[in-house]
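Side chains included, hydrogens not; waters and symmetry mates left out as well; all remaining heavy atoms used.
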Amino acid sequence: MTRITTRSYNLQSFQMLHDCGLPPVLARIFAARGIEDSSQLETELIRLIPFGQLKNITVTAALLADAIAAKKRLLIIADYDSDGATACAVGMRILRKFGATIDYLVPNRFEFGYGLTPEIVHLAHETKQPDLLITVDNGIASVEGVSAANRLGMQVIITDHHLPGNELPAAMAIINPNQPSCLFPSKSIAGVGVIFYLMLALRAELRQRGAFATSQEPNLAGFLDLVALGTVADVVKLDSNNRILVQQGLERIRKGRACAGINALLQVSRRDYAQISTYELGFMLGPRLNAAGRLDDMSLGIECLITDDEAYALEIAKQLDELNRQRREIESTMQESALIKLEETLKTRDEQIQTAYSICLFDQDWHQGVIGILASRIKDKYHRPVIIFAPGSHGEIKGSGRSINGFHLRDALDLVAKRHPELIRKFGGHAAAAGLTINTGDLEKFRDAFERVAQILLTPANLTQVIETDGDLEPAEINLELAAYLDRQVWGQGFPQPSFNARFYVESQRIVGEKHLKLKLRKLDCADNDQLRKSDNTFDGILFFQNDPLPEIIDAVYRLQLNEYNGKTSLQFLLEHWFQADLPIIGNAS
């Protein structure tokens, strides 16, 4: 079941924004996203939170400066997703400019799993022989891995943004806004943002030591294209600080000043750098970068981002594009299989989708690198917390979960573990996503235990999908100027892109591109007796990936979109959701 609601907003904030010059529609949109005054919409770099508010950062910068001066061998331990890859690239590129002897190592997810494990520590020691390990986007839970590094004589600096456990690793230094007693207000900063902040502190330390007395000081704003990509692709909350980082990175890309790797990824995605938005970062570049970690080795993605050779970057980007195509094919096959298995599972358990509170599925043929995406797709379709399992090793299966609002997935797994101490081998994550490992023979036991916890923590109301919109638009508000303004802003997790809803009469519809519907929509207004009256306002619309005809009257959720065709720009409605409406029409508006 799905319900559409209109976002509420603070009337005082709305008035203050309107008084500052914003038109009512924008004042309403921003007030609904917690903006209280126009200064919160400013994105100059000077408004970034100072790096000194991160716990341990000044001391850590001094330790790094000492290591560079002593010509110690530094090794970045990266993560195998987009945040980890961009964080590694930021660290590699900037530390090279600072004169460091620097290399990187990224765990293969199928061989070593996530984070600074003892196994990856021994591999680093044997193959790279570093003096100092620097983790990016991981490490806060690597108690055993840091202990192993210490025993082997390697120092460790952890930069991470994930929630810590009960015990912190015995690292030389930890930079993480979510560690105890850290006062840094942006708790949602991505891993790439954390390492960028450490590089800001390191530059300040090197400046104080006179390192740039005879050379030009590096402009670190030049690396914000990578910070923007990692921040958006990691789907962290776009608070004001993250929006500044992303906006500044987008502006750099739009001016043609991105690194060779990002430009190459845009080229294989057939996207114009001058028109790039957060959509391209999250849904075009991010998946291609992630494909390396999901199906192959994220070293491929990192190499794309650290090279300055445009031809080499394009060569790698083409490989990433092909891996992403393979990933989509695997995902499509797995999704078809999963939907069939879901129906079979529910029938076997004598349940219907409407009464189940959770979904857990496993298949021997599913790919471990794609189960997270599949879990997200199934979660979106059925609005239930979902865990998808794939074969692991040594008689284990590995699961990836995605959750809905009102259900903290990591806490739920913790409750399962407390109720059944031997059931989950290991787990970790946060509210919206988590991973775990169980024995193959324990799948049914886990499924039942997880369902019982879901029934405790969720209510039937939680299982109703709520689509929030910004309400309806007045005819005068629907124009190219508003669409262009919205298109240039930073939207994402916690700061959603504006959408609107209205009732339409479908005047015409035709299939384009073999799988999309091109529409002519006329807005309908409510008249007396709950009947509908056609207005004078018609709009072009598009509904992607549907070629079945729409009913005559629909309630639709839509976004304003700029449609570029034959060198001309026009306005169209991009339909995101639609529902059949049955009220009668009494005639045209006079």
Counting only heavy atoms not in [X], do more than 12 fall under 6.0 Å of its [atom1]?
X: Gln208; atom1: CD; answer: no
X: Glu310; atom1: CD; answer: no
X: Lys518; atom1: NZ; answer: yes

Just by distance, do the side chain of [X] and the backbone of [Y] share a donor-acceptor pair under 3.5 Å?
X: Asn263; Y: Ala258; value: yes
X: Arg288; Y: Met284; value: yes
X: Arg402; Y: Val386; value: no
X: Gln179; Y: Ile174; value: yes
X: Asp160; Y: Asn176; value: no
X: Asn138; Y: Ile77; value: yes
X: Arg559; Y: Glu576; value: no
X: Lys515; Y: Asn547; value: no
X: Tyr565; Y: Ser570; value: no
X: Ser269; Y: Leu265; value: yes

[X] versus [Y]: any side-chain heavy-atom pair under 4.5 Å?
X: Met172; Y: Val156; answer: no
X: Gln155; Y: Leu63; answer: no
X: Val106; Y: Cys88; answer: no
X: Val192; Y: Leu245; answer: no
X: Ile373; Y: Asn290; answer: no
X: Leu229; Y: Leu289; answer: yes
X: Arg294; Y: Ile330; answer: no
X: Thr43; Y: Val246; answer: no

Once ring pair (Phe, Tyr, Trp, His ring centres under 6.0 Å) is applied, do any residues pair with [X], and if so which ones, sequence neighbours excluded?
X: His367; answer: Phe110
X: Phe495; answer: Trp491
X: Tyr273; answer: none
X: His516; answer: Phe544, Phe545

Across all chains, not counting sequence neighbours, the side chain to side chain donor-acceptor pair (under 3.5 Å) partners of Glu303 are Tyr104

Across all chains, not counting sequence neighbours, the side chain to side chain donor-acceptor pair (under 3.5 Å) partners of Ser188 are none

| message | Looking at Arg33 and Asp470, is any side-chain nitrogen of the basic one under 4.0 Å from a carboxylate oxygen of the acidic one? | response | yes

(message) Strictly below 4.0 Å, N to O, side chains only: are Asp131 and Lys71 in salt-bridge contact?
(response) no

Interatomic distance, [X] atom [atom1] to [Y] atom [atom2] [nearest 0.5 angstrom]:
X: Glu44; Y: Gln248; atom1: CD; atom2: CD; value: 7.5 Å
X: Gln267; Y: Ile262; atom1: CD; atom2: CD1; value: 14.0 Å
X: Leu482; Y: Asp487; atom1: CG; atom2: CG; value: 11.0 Å
X: Leu64; Y: Leu95; atom1: CG; atom2: CG; value: 6.5 Å
X: Ile253; Y: Leu285; atom1: CD1; atom2: CG; value: 7.5 Å
X: Thr127; Y: His125; atom1: OG1; atom2: NE2; value: 10.0 Å

Closest approach of [X] and [Y], non-hydrogen atoms and distance?
X: Gly139; Y: Pro169; result: O-CG, 3.3 Å
X: Gly145; Y: Val121; result: O-CG2, 3.3 Å
X: Pro130; Y: Ala124; result: CD-O, 3.4 Å

Residue pairs meeting ring pair (Phe, Tyr, Trp, His ring centres under 6.0 Å), one or both in residues 64-94, sequence neighbours left out, come to none

Here the ring pair (Phe, Tyr, Trp, His ring centres under 6.0 Å) pairs for residues 280-319, sequence neighbours left out, are Tyr279-Phe283

Please determine, by modelled atom types, if [X] and [Y] share a side-chain donor-acceptor pair under 3.5 angstrom.
X: Glu280; Y: Ser277; result: yes
X: His162; Y: Asn178; result: no
X: Asp297; Y: Ser299; result: yes

Just distance, no hydrogens or angles: give the donor-acceptor pairs under 3.5 Å from side chains in residues 218-228, sequence neighbours left out.
residue: Asn219; atom: OD1; partner: Ala221; partner atom: N; Å: 3.2
residue: Asp225; atom: OD2; partner: Cys259; partner atom: N; Å: 2.8

Sequence neighbours left out, what pairs pass salt bridge (Lys or Arg N to Asp or Glu O under 4.0 Å) with at least one residue falling in [range]?
range: residues 74-95; value: Arg93-Asp308
range: residues 232-243; value: none
range: residues 322-331; value: Glu322-Arg325, Arg325-Glu329, Arg327-Glu331, Glu331-Arg377

Margin query: What verdict does the side chain to side chain contact (heavy atoms under 4.5 Å, CB included) test give for Ile195 and Ile76, after you've listed the backbone C-alpha separation in whole Å, the side-chain angles of each residue and the deciding distance to 0.1 Å?
Written below: CA-CA 11 Å; Ile195 188 66; Ile76 292 177; 6.0 Å; no

**Asked** Is the Tyr558-Phe539 ring centre distance short of 6.0 angstrom?
**Response** no

Test side chain to side chain contact (heavy atoms under 4.5 Å, CB included) applied to Leu22 and Leu41, step by step: CA-CA 11 Å; Leu22 285 178; Leu41 298 173; 4.0 Å; yes

Go through it in stages, so that I can follow the logic: the residues are Phe184 and Ile189, the test is side chain to side chain contact (heavy atoms under 4.5 Å, CB included), and I'd like the CA-CA distance, side-chain angles, deciding distance and then a yes or no.
CA-CA 10 Å; Phe184 192 76; Ile189 191 170; 4.3 Å; yes

**Q.** Steps toward side chain to side chain contact (heavy atoms under 4.5 Å, CB included) verdict (Leu202, Ile68)
**A.** CA-CA 11 Å; Leu202 176 57; Ile68 293 172; 4.1 Å; yes

